[in-house]
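Structure first, then comments.
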Number of protein chains: 2
Amino acid sequence: MATETPERPAVRPRGVAPTLAQVAQHAGVSLKTASRALNGEAHVSPDKQTRVLDAARELGYQLNRTASMLARGVDSHVVGLITGDIANPFYSALAKGVEQELRAWDGQLTVASSDEEPDRERALVHELVTRHVRAVILVSTLDDHQAMRDVQSRGIPVVFVDRVGVGIEADSVVIDNRGGSRTAVEHLIAGGHTSIGFIGDLSRLPSDRERFEGYVETMRAAGLDPTRAVRRGAHSVQAAAEAAHSLLTQDQPPTAIFAGNNRITIGSLQAMNELSVEPALVGFDDFELGDLLGITVVAHSPVEMGRTAARLAIEATERRRTGATSVTLETTLLARGSGERRP
Amino acid sequence: MATETPERPAVRPRGVAPTLAQVAQHAGVSLKTASRALNGEAHVSPDKQTRVLDAARELGYQLNRTASMLARGVDSHVVGLITGDIANPFYSALAKGVEQELRAWDGQLTVASSDEEPDRERALVHELVTRHVRAVILVSTLDDHQAMRDVQSRGIPVVFVDRVGVGIEADSVVIDNRGGSRTAVEHLIAGGHTSIGFIGDLSRLPSDRERFEGYVETMRAAGLDPTRAVRRGAHSVQAAAEAAHSLLTQDQPPTAIFAGNNRITIGSLQAMNELSVEPALVGFDDFELGDLLGITVVAHSPVEMGRTAARLAIEATERRRTGATSVTLETTLLARGSGERRP
DNA sequence: TTGTACGCGTTATCAT
DNA sequence: ATGATAACGCGTACAA
C-alpha cells in the first residue's frame, strides 16, 4: 500500500554536521571546486586543493553519502537480510556469510528478524524497499511471493535462501532437504531401526515439508510406516523438547528420532536427558558442540549459503546476469555416534 | 580523514522507481498535492485524494525515504552495531536484543563484524558516520577511543557494550567481569581446589583483563598462586582447545579450569574430551547446551545487554538525556556439575 | 484547497 | 582551472 502511516522522526537541529558548502566557504572557493578537491578529481590547482582539504579537516567535514547518492542517482550498497531470528545460530551463520561476501563489494548489511511472522516479514520488506536497499536476501516465512515481484520491478533483486520463492522468478539458494532427509533416514534404517520418529518445524515452511517428505518417502520405500511417530510444528527448542517428550513417552515409542533442524535436535536432547532414554538420534543441521556430544547430523554450511546468496544478490544488482539462478547445496552425513545406536 | 577514496557504485538506469512527480503528473495534480494526499495530510479534496492514490497504485509508487529525510533534515532510524563476529552466539544474542528494542522505535539495525581488528573497526565506524546512522553501538577492539569523540560531535551517540570506552565520555553497558570472575574462582576454591587454571581471550581486551584480574586477586586473597596455570590470547574455539590442551598436559596440571568466555569454555571441553580428563570447569558466559552438558557457568544475559544498549542509544539520540550513563549488569553463577567436581 | 518557490547536501553540465 | 546553475526526490513556507 502506498498509504502507509508516515513515519515522522523527531527533528534534529540542523548544522551539527558540517556541509560541503561550509567547507567551500571556509576555504574561499566555490562549491564545485570543494567537491572536486575532496573527490580527488582533476582540474584543481594545488593551492586550492590544499586549502579545501585543510578546511575540511578543520571543520571535521564528512561526506553525506545519502545526499551524494541521491545526487548521483545511484543506490547504496546496503543489502537487507531478513531471517526468522538473528540469534538462531543457523541464521547468524547465514548473516556472517552474507557479510563476508558483501565486504569485498564494500557493501553493508541490514538485518531484521521476522519471528517467522508473515505480516512482519511483509512489513520488513516494505521497509527495506522504501529505504532503497540494493537487494533483499530473504528467508521467507510466506507461502506465496507474488507480491514480491513488485520489489523486483523496482530493480531490487530478491534472493531466497533456505526456502524458495513461490509464484515468482527469483534467485534462490537452498539445501537439498529431501536428499538430506533421505540420507538420514536410510542411515537409521541401515542401523536396524524400523520405528523411526520425526519431529519437524512449522509445517508451513517448505524446508520442513521437504524434510518431512524425504522422511515419508524413505520410510515407505523401506516398507515402514511413516505415520506412527511424527510430531510437527515444533518451532522452538522448548516446543521441540515437549514434542520429543511426548514422542518418547507414547505407546511404543520409536527407537530412533530424526530431528528436523538444529533447534529440534537440541530440544530432543533435552527431552532424552530428562527421560534418561537414549534412542538413536540424527539431526538436520550441524550445531556447535554437536561433535563433542557425538550427535550424528546431516550437515551443510549456512555460512556458505550466505556467501552464495550474497554473490547472487550482487551479481543481480550489478546486472551481470539475467534470469533466475537456483543453487542447491548438498548435505553431508556426519556419523558421530548418536545415529549409530542400535534399536 | 576527509579524503577517503570515494566510493563510486555502478550507475543504475534512472526511472526504475517511480517518483512523486510522476505520480502527480499521472494524477493531473501538483507535486505538493500528491505529497499531501500520500502522506495523509489534511486539505486535499476527496476527488484528488483518490486520483492520487490510484495513480500511486498504478505506478507502484513507493516513497523514497532517503530523499524524504534529506528534505526534512532528519536522520534515519538506522543504528549500527559493530561486534567482533556476528556468528558468535554472544554477539548474535546481543544483536537480537538491540533489534528487539529498536523495533519499538521503528528503527533498523545495520551490523558489521570487525573481526576484532582495530583498523577494520575504525573503517566501519567511519562508514557508519558517512551514512549518517542515528547511533553506533560498539563492542570495541580498540584500546583508545578519543577519535570517537569526533563521531559524537556529529550528533551520533556512541554506546560501548561489553567493553567501556577509553578516553571518551560515552554510554556503556558492561558486565561485572571482575565480580563474576571472583564468584567463579571462589566457587572453585570453596570446592577444595588450590590449583586453578585460567584461560583467557586476547589480553588487550578489557573484558578479558578484568576477568583475569578477578582471577588473580581472588587467588591471591586465598593465598594461592595465580601464575602457575594461565593461558591467554585464546581468541577462537580452536585456540582455546590448544591452550587447554597445553594447560592440562603441563607439569602439575590444575585440578580446575576457569574459562574466560564461551568460546574458551567450548574449546576447553574439546580438549578435556580429547585427553579424557575431567578437571572442574567453570566458564564465563552461558551457552546453549550448557545446561544439558552440566557446565557450571557465570551467566549473564547478552540479549538484555543489547536491549539496554539500544535503549541508551535511543535516549541519547532523541536527546532525552545528557551526560554519559554506565550500566553494569550483574552475573549469576549457575552450578550445574562441572564446577562442583572435587580436586 | 491548491500550487509556487525554495531548500536539503551533493553532483553534473556547461559556460567562462 | 573554476564557478554559476540545474538537477536528484522530497518537504516546508507562503501565496494564491
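Keep in mind that what you see is a predicted model, and the values were worked out from it rather than measured. Here is the naming used below: chain letters follow the sequence lines, and residue numbers restart at 1 for every chain.
- Using cut-offs of 30° and 60° on the angle between ring planes, the pair B:Trp105 and B:His77 is parallel.
- Mapped onto DNA chain D by nearest heavy atom, B:Ser35 and A:Val44 fall at different nucleotides, with A:Val44 at the one closer to the 5' end.
- Side chain B:Arg36 to base C:dG3: a donor-acceptor pair is found below 3.5 Å.
- Distance, A:Leu31 CG to C:dT13 P: 16 Å, rounded to whole Å.
- Residues forming a side-chain contact (heavy atoms from CB on, under 4.5 Å) with B:Ala21 (at least two apart in sequence, or on another chain): B:Thr19, B:Leu31.
- With sequence neighbours left out, B:Asp171 forms a salt bridge (charged side-chain N to carboxylate O under 4.0 Å, His left out) with B:Arg321.
- With the nearest nucleotide of DNA chain C identified for both B:Ala67 and B:Asp47, B:Asp47 has the one nearer the 5' end.
- When rounded to the nearest whole Å, the span between CG of B:Leu38 and P of D:dT12 equals 14 Å.
- Between the CZ atom of B:Arg51 and the C1' atom of C:dT2 there is a distance of 12 Å, given to the nearest Å.
- Counting to the nearest Å, the C1' atom of D:dG3 and the CD atom of A:Glu41 are 14 Å from each other.
- Using modelled atom types, one finds no donor on one side chain facing an acceptor on the other under 3.5 Å when comparing B:Ser114 with B:Thr141.
- Look at B:Thr33 and you won't find any side-chain N or O under 4.0 angstrom from OP1 or OP2 of C:dT2.
- Residue B:Leu20 contributes atom CG, which lies 12 Å from atom P of D:dT12 at whole-angstrom precision.
- The two residues A:Val98 and A:Gly306 make their nearest non-hydrogen contact at CG2-O, 3.5 Å.
- For A:Lys32 and C:dA12, a side-chain-to-base donor-acceptor distance below 3.5 Å is present, hydrogens and geometry of angles not being considered.
- Contact annotation: B:Ser45 does not reach the phosphate of C:dT1 (side-chain N/O to OP1 or OP2, under 4.0 Å).
- Using a cutoff of 4.0 Å between basic side-chain nitrogens and carboxylate oxygens, A:Arg311 and A:Glu304 are scored as salt-bridged.
- When the P atom of D:dG11 is taken as reference, atom CZ of B:Arg65 falls 10 Å away, rounded to whole Å.
- Nucleotides of DNA chain C nearest to B:Pro46 and A:Asn64 differ in position, and the one nearer the 5' end is that of B:Pro46.
- Taking atom CG of A:Leu63 as the reference point, atom P of C:dG9 lies 12 Å away to the nearest angstrom.
- The phosphate of D:dT2 (OP1 or OP2) has no side-chain N or O of A:Ser30 nearer than 4.0 angstrom.
- In the helix from C:dT1-D:dA16 to C:dT16-D:dA1, the end axes, each obtained as the rotation axis mapping the C1' atoms of four pairs onto the next four within a five-pair block, lie 50° apart to the nearest 10 degrees.
- Atom pair A:Leu70:CG and D:dG9:C1' shows a separation of 6 Å (rounding to whole Å applied).
- Among D:dC10, C:dT1, C:dT11, the nucleotide with an atom closest to any side-chain atom of A:Arg72 is C:dT11.
- B:Glu99 contributes no side-chain N or O that, together with a main-chain N or O of B:Gly107, makes up a donor-acceptor pair within less than 3.5 Å.
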